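These numbers were taken from a predicted model, which means no experiment stands behind them. For ligands, and for the atoms within them, numbers begin at 1 and follow the listed sequence.
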Amino acid sequence: MNISEIVKLQKDFFKTQKTKNLNFRKMYLEKMQDLIRKNEDYLYVAIEKDFGKSRFDTFTTEISFILNDINYYLKNLRSLSNPKKVSTNLTNQIGKSRIYPEPLGNILVIGAWNYPYQLSLSPIIAAMAAGNCCILKPSEIAENTMKVMAKIINENFPPEYLYVFEGGVDETTELLKLQFDKIFFTGSTKVGKIVYEAAAKNLTPVTLELGGKSPAIVTKDAHLEVAAKRIVWGKFLNAGQTCVAPDYLLVEESVQEQFLETLVKYIRQYNYEPKAEHYTRIINQKNFDRLLGLMDKDKIYYGGNYDREYLYIEPTILSNTNWEDDIMQEEIFGPLLPVLTFSNFNIALNDILEKEKPLSAYLFSKNSEEKQHFTQKISFGGGCINDVIMHLGNKNLPFGGVGNSGIGSYHGKFGFETFSHQKSILERANLGEPNIKYPPYSEKKLHWIKKIF
Ligand code: NAD
């Protein structure tokens, strides 16, 4: 069967109304849960082959995440799907108003390679919970994880409900010509624009989970030890190949020296050697070369070693960076950490305001005025004060970008809503309606209508 036949099958299947049934959704969410648990070892092996990601990181940043999502939807399916009563305005009395969340229909999810399981399965789990049929196109760059997801899903789910389509740019281009009720894309801003353009031809709504340059600001009022420890963890997790990793640091001049020393202390302590099990490799040669091109040898404060054979780049700090440097012109997406300094906090925020809105931003400070300015002045998808990345783990917070870093959000109830349409229904009683809106009109009727409004 080719992909357009599968899309057609899914469209026909959605029309049978079966996916709207809560027991149906529950049954397949439980099946997914069961399959992930049973195939956990295969998932670890595939990702290890793709870019040397450890079991520990794969469990904490991918598998546990997906299993938590399934648990959340299983527990909350009924309350999320129930119609919500809302009050009815005076002019619609006597009446009842309700909002019915309904599945959008046929969904296309396009995944990225850097957290290949989480970024592919988390959206399809939300789409299933909301009652949709779904096609997943994982990233071909992480080939083994793409294959293992295709095998697990295509051998265990009916294709008219859930199907994994393997392929790269050509296949995705073909897929984007077909009509869906929603496209959920995770990847670069550049490709996000291609997806948005293709979706516009069919007026298909999109969620675009994109990237950008996420700053971390460290002021003189920060707890420097905690800030360094958390930044080192978040930046070098997955070798910096994390969409919400701090891309660059803005450090207050007066604490720069002390802070850089503390960063180095933690990098050494965490021991990111070439063969360290906990240190992921760069995904491929192309990205490896791109990253080396961004490493300005004259600015290396710490690190700078690499091993092409292992696709290893040592955690590297670049100091004396300025906004014009090449490394500040694109998302780094690797273990290079440029450091800029500032002497005035508000000017630092203004500098961020001049750039595209990032996916995340982080502030390390104990100063309440700085926290308030950070929260209110600059726009970004989401972030943390005194930590990095961890906002993602809270299902009560929507996860998504703004401006160049994306459109829409998901996680928890926001994921359910992303794949649902909120259908409004007003039900009127047949009695008790004054006659004033009906012709023939009169001054008296207008007088009363003005009073009511
Ligand atoms: P990418 O944009 O290169 O690829 C993403 C997907 O798009 C892949 O499935 C790929 O096959 C497909 N694709 C690539 N080129 C295409 C084209 N010309 N036409 C149609 N489809 C195409 O991104 P990537 O390298 O996989 O991921 C890295 C980027 O993703 C970074 O910018 C990162 O910040 C971002 N990202 C964002 C999030 C988030 O949740 N916001 C998460 C992870 C990664």
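Contacts between K190 and ligand 1 below 4.0 angstrom, taking non-hydrogen atoms only, are absent altogether. For L359, every heavy-atom contact with ligand 1 shorter than 4.0 Å involves the side chain, none the backbone.
When the heavy atoms of Y410, F333, Y115, F185 are ranked by distance to atom 28 (C) of ligand 1, first place goes to F333. Taking each of E209, Q118, E140 in turn, the one with a heavy atom nearest to atom 11 (O) of ligand 1 proves to be E140. Around atom 12 (C) of ligand 1, the closest heavy atom drawn from L176, V109, I110, D170 belongs to I110. Which of N287, L210, V191, L119 comes nearest to atom 14 (C) of ligand 1 through a heavy atom is settled by distance: it is V191. Of the candidates S188, S122, G192, S139, it is S188 that places a heavy atom closest to atom 2 (O) of ligand 1.
Ring geometry for Y161 against F24 counts as perpendicular: the plane angle is over 60°, on a 0 to 90° scale with 30° as the lower cut. In this pair, W113 and F51 present their aromatic rings perpendicular. The plane angle is above 60°, beyond the 30 to 60° band. Below 30°, between 30° and 60°, or above 60°: for Y410 and F399 the angle between ring planes is between 30° and 60°, a tilted geometry.
The shortest N or O to N or O distance between C243 and ligand 1 is not under 3.5 Å. When only interatomic distances are considered, the shortest N/O to N/O separation between E331 and ligand 1 falls below 3.5 Å. Note: an N/O pair closer than 3.5 Å links G187 and ligand 1 by distance alone.
For the pair K395 and F65, the cation sits on the ring face: its NZ or CZ lies under 6.0 Å from the ring centre, inside 45° of the axis.
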